[in-house]
Amino acid sequence: MGENLLELRGLQTVFHTREGLVRAVDDVSLSVQPGEIIGIVGESGSGKSVSMMSMIKLISMPPGEIVKGEAIFEGQDILRYEQKSPELQRIRGGGISMIFQEPMTSLNPVMTIGQQIEESILLHLKYTKAQARARAIELLGMVGIPDPESRIDHYPNQFSGGMRQRVMIAMAISCNPKLLIADEATTALDVTTQEQILNLLRDIVRQTNMALIIITHNLSIIARYAQRIYVMYAGNIAEQGRSEELFYHPSHPYTMGLLRAIPRLDSDKSARLLSIPGAPLNPAQKTGCCPFAPRCPYAVDRCRQPVMPTPQIYSDTHRAACWFRREELHGGLALEKAHTHPVADKPLLEVRQLCKYFPVTKGITRRKVGDVKALDHVSFTIRQGETFGLVGESGCGKTTLAKTLLRLYDATSGEIIFKGQNIAPLKERHLRELRREVQFIFQDPYGSLDPRQTAGNVVGEAVRVHHLAKTRKEYERRIDELFTAVGLDPALKNRAPHEFSGGQRQRLCIASALASDPSFIICDEPISALDVSIQSQILNLLIDLQAERNLTYLFIAHDLSVVRHVSDRIMVMYLGTVMEIAPWQDLYEHPLHPYTKALLSAIPVPDPVVEANRPSAPIIGEVPSLINRPSGCVFHNRCPYATERCKKEFPPLQEVNEDHIVACFEWEKLI
Amino acid sequence: MLQKARKFCTVLFSRKIVLVSALVILFFAICAIASPLMAPCDPYEQDLSRRLEGVSSEHWLGTDQLGRDLYSRIVYGSRVAFMVGILAVIAAAVMGCAIGLVSGYFGGWVDQVLMRLMEAQMSIPPLILALALVAVFGRSIPMLIFVLGVSAIPNFARMMRGQVLSVREMDYVAASRIRGNSNTATMVRHILPNCISPIIVIMTQSIGGSILAEASMSFLGAGIVPPTASWGAMVNDGYSYIYDAPLFALAPGVAIILLVLAFNIFGDGLRDALDPRLRGAL
């Protein structure tokens, strides 16, 4: 092992809040060598960002306070420096640089990107204006921005999300930092863009021998990139190790749980996901014992004593903060068969040539100048009892489709045939039956519950609206049943939604969707706003409820591995059009559309060896905006198989195999 | 719930000036509710032999041009101030919120028509509008409340509309429609309660404005009918004697300033306490 570039020793950061002392970072030690990529994985509140932020004193103090610890960066303890000292300012940006999650808000909209990049160059390096500009152009070229000489004078709003993140990277590496911290840098991006950005970061590390710390909640994405990984839980490092060690021999029950809770592209679909019970520990409630003990299936009395476990050491690099060696941890978690659900041949919902255009208006007269085609001739059928998956990147029309099916939007044209009746032209007052039969689960459990209503009221509202309970007593009983069905304690029904955790809130949303006894539920990214260890709980719940209540799901997600786990058939959409519809096996094993193929190859698998051997063929470019939709096949400008015909004609949906529908002229090339 | 209220009060009164203004409001409120107990004399009893007297143990703030006890008249004047101030604001808030709610929720031509109407009303200076309405319908307390209420409607309508526009896009509003709630039920159950806190703030602040408007109207002789005690009318009576008996005009003037200022500061305090972004900082 060479000289460490950065070494944290026993870092402890606390926040003094009205609720008491929150130990956000508790005795964290880690090291980074030059040119190394390390990953810090953890759920929200695990202290992964705070530990990095407190290292360069970017937390607000007070309420924050760095109680103890050292951060040795290039031989000096940088925690000694005052928050606003010139030494620390030189290190921030000059020595250690950061990229944040939101590329949309971390650039100043009134300055050109050139000015913003030059600003930090001029601040840290002794360059003249002209040199700084030349450097900025060079950097923009390096991060893959085409035509940097002219793009440098553009404003942030003229760049797409992925391009902005590239600009952020250019800015972060402008002063040749020794260490770059990417804090959830790809979380807000589309899958295909995410892969491009991570590849770019890896290439930069290789070229410049800079060290990179990737902070993320997603174990899968770092399998391909990180050499060493730290897993954090409630402010402590639960496990650390080289990436192979961690993925093949997880030794902390939390890591084991996480790895088993993620649906993978290659996992066994018939088995139930193993989930970690409970919710992540709030660091305010730490008692000094192993923080994972309340959720750990192996916990014994010793784990609940207020002493932190001494780490088990498996190799120079691999250690886990657990009282037990991994050989001693067995039993407790057995694979269960997943519930199966019968699928009838009868269609429940048939969508024919559905279009939804939003008018684009201009000027004060609101003259219509064009259409945004959010849905363009979408057709598909959902059978009774099945789970129909819908995947696509941002702007593909997933949510517009859901809202049009629910008649929250009026369709521009086309038919929506639900149980034999075309509901597209119905007036609002004739939708009562539809409102009972079709329900919706939102992505964001924080925005979808009325903060002024109690949990019981939210859940019971549909019961009242549809007069499903005759007496007060029956109504109360029904609410209790619904709470129990989604795994919540009925005693909580008088609480306000903000008193529940994210996972519990999503359970409330599910309960309120079930309240009217619907037959069809549209789930719009129901787990993407939740912590990783909660996601599998909610997925399992949805699968169980489907079997118990004979539900049909339209399951919308951007994560193909999640969709694969729950769906019988899957539809892939891109820019408002259907690309491919196929049973899940066919879709994952023999994708017939170039876009599906590209999406599949962009999904990371939490397995370093599989990742290393997988042919990586990232697709070029980014999802275009709906306003400049390409002519002909909407995918032709990113498609490696595109021909002249694709630029002019729109390929119709054709059934090429039994149940396998694809919209591509060149599908035979993919067999 | 109790704990929450206590926490709210801690934040609200963490600034001393807010506490002081709350006490001022409380004092005048007690004056208004329990005027006979708070006033040492009958405010209508004239004694022409003791006109325009200065401060004495019998008349704490002296007497007016008809020999009536000034302090007692100020105490009784708070009744008018509170009644007109609060009722006018309530009337304005109810009508304004209804207009704003409908306008914001339905949008489209309904919104266009209602908002153009509000703008038309706003283009007329409120005092002139109120004077014109009084000239047509005559002077009385209910008339005054109605007139001042109407002139404050656009404030509430516009505020409410803005709130509704943002709340309308929340997922829980869509959720309410998906559950089968009618438009009315969605508006009343889910949108209104989530828009109400800024309305409460501007209500508090508007009470001050309303009291001031009532005083101005009475000062101009278009408000309260004498002999009912009204601060505005008292200032008007007093200002001709400003050199002989300065307290006669000044005392009711100070009462107006104190109460209006107190309502404005208390309103600001409420706004800060209800704003989640400021709550953490305090």
Side-chain angles (χ1 to χ4, degrees), chain A residues 17-19 60 63 366 399 402-403 405-409 428-429 431-453 457-468 494-499 505 508-509 512-516 518 521-522 524 529, chain B residues 1-12 14 101 105-109 111-112 115-116 163-164 166-200 273-282:
Chain A
T17 66
R18 209 180 272 130
E19 282 77 33
S60 50
R366 307 187 61 77
T399 301
K403 292 198 165 168
L405 293 183
L406 284 161
R407 289 294 316 276
L408 293 179
Y409 292 154
E428 179 76 35
R429 60 178 176 277
L431 289 176
R432 229 181 146 71
E433 190 51 22
L434 178 79
R435 295 273 178 252
R436 201 187 64 69
E437 287 265 13
V438 184
Q439 283 297 322
F440 192 67
I441 297 169
F442 289 86
Q443 169 173 11
D444 175 14
Y446 290 87
S448 51
L449 296 170
D450 184 346
R452 304 261 165 182
Q453 305 267 332
N457 266 340
V458 172
V459 172
E461 187 163 38
V463 179
R464 284 196 308 275
V465 171
H466 298 287
H467 311 291
L468 298 174
N494 290 324
R495 300 230 179 137
H498 70 84
E499 294 175 70
R505 282 168 154 258
L508 277 178
C509 294
S512 79
L514 292 175
S516 61
I521 298 185
I522 301 175
D524 187 4
Chain B
M1 203 57 211
L2 195 74
Q3 204 183 359
K4 247 169 86 181
R6 188 176 298 158
K7 197 169 145 191
F8 180 77
C9 288
T10 321
V11 177
L12 179 62
S14 60
L101 193 58
Y105 185 77
F106 290 106
W109 67 267
D111 182 35
Q112 293 288 328
M115 283 301 116
R116 294 303 85 77
Q163 285 293 312
V164 173
S166 71
V167 171
R168 187 180 66 169
E169 300 303 319
M170 300 298 293
D171 280 347
Y172 56 78
V173 174
S176 158
R177 285 186 62 196
I178 292 166
R179 275 181 222 132
N181 271 322
S182 63
N183 284 327
T184 325
T186 304
M187 275 195 280
V188 174
R189 290 180 57 93
H190 297 287
I191 294 184
L192 187 62
N194 285 293
C195 293
I196 215 75
S197 61
I199 297 294
I200 290 173
L274 288 169
D275 188 335
R277 274 167 306 174
L278 288 166
R279 198 177 297 163
L282 288 165

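All chains are named by letter (A, B, ...) in the order of the sequence lines, taking the proteins before the strands, and each is independently numbered beginning at 1. Values in this document were obtained by computation on a predicted structure and should not be read as measured data.
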If you tally heavy-atom pairs under 4.5 Å against chain A, which of B:G180, B:S176, B:A185 wins? B:G180
So CG of A:L431 and CG of A:L408: to nearest 0.5 Å the spacing works out to 9.5 Å
Point-to-point distance, once rounded to the nearest 0.5 Å, from OH of B:Y105 to CZ of B:R168: 8.5 Å
Honestly, the part of A:Q453 sitting under 4.5 Å from a heavy atom of chain B is side chain
Using the side chain to side chain contact (heavy atoms under 4.5 Å, CB included) rule, take A:E461 and A:S512 through it: C-alpha gap first, then chi angles, then the decisive distance, then the call. CA-CA 8 Å; A:E461 187 163 38; A:S512 79; over 6 Å; no
How many angstroms lie between atom CZ of A:R432 and atom CD of A:E437, to the nearest 0.5 angstrom? 13.5 Å
Can you tell me which portion of A:F440 sits under 4.5 Å from chain B's heavy atoms? Options are side chain, backbone, both or neither. both
Find the one option among A:S516, A:P518, A:S448 whose heavy-atom pairs under 4.5 Å with chain B are most numerous. A:S448
Taking side chain as everything from C-beta outward and backbone as N, CA, C, O, which of these in A:R464 sits under 4.5 Å from a heavy atom of chain B? Side chain, backbone, both or neither. side chain
With chain A as the partner, which of B:N194, B:V167, B:I178 has the greatest number of non-hydrogen pairs under 4.5 Å? B:I178
Distance col, row B:R177:CZ vs A:K403:NZ, nearest 0.5 angstrom, shows 10.0 Å
Counting heavy-atom pairs under 4.5 Å with chain B, the top scorer among A:V458, A:D444, A:L434 is A:V458
Supply the atom-to-atom distance A:L406 CG to A:R435 CZ, rounded to the nearest 0.5 angstrom. 6.5 Å
Measure distances from A:Q443 to the heavy atoms of chain B and classify the residue's part below 4.5 Å as side chain, backbone, both or neither. neither
Do you know which of A:G447, A:A513, A:A496 has the most heavy-atom pairs with chain B at a distance under 4.5 angstrom? A:G447
Euclidean distance, B:Y172 OH relative to B:T186 OG1, rounded to 0.5 Å: 12.0 Å
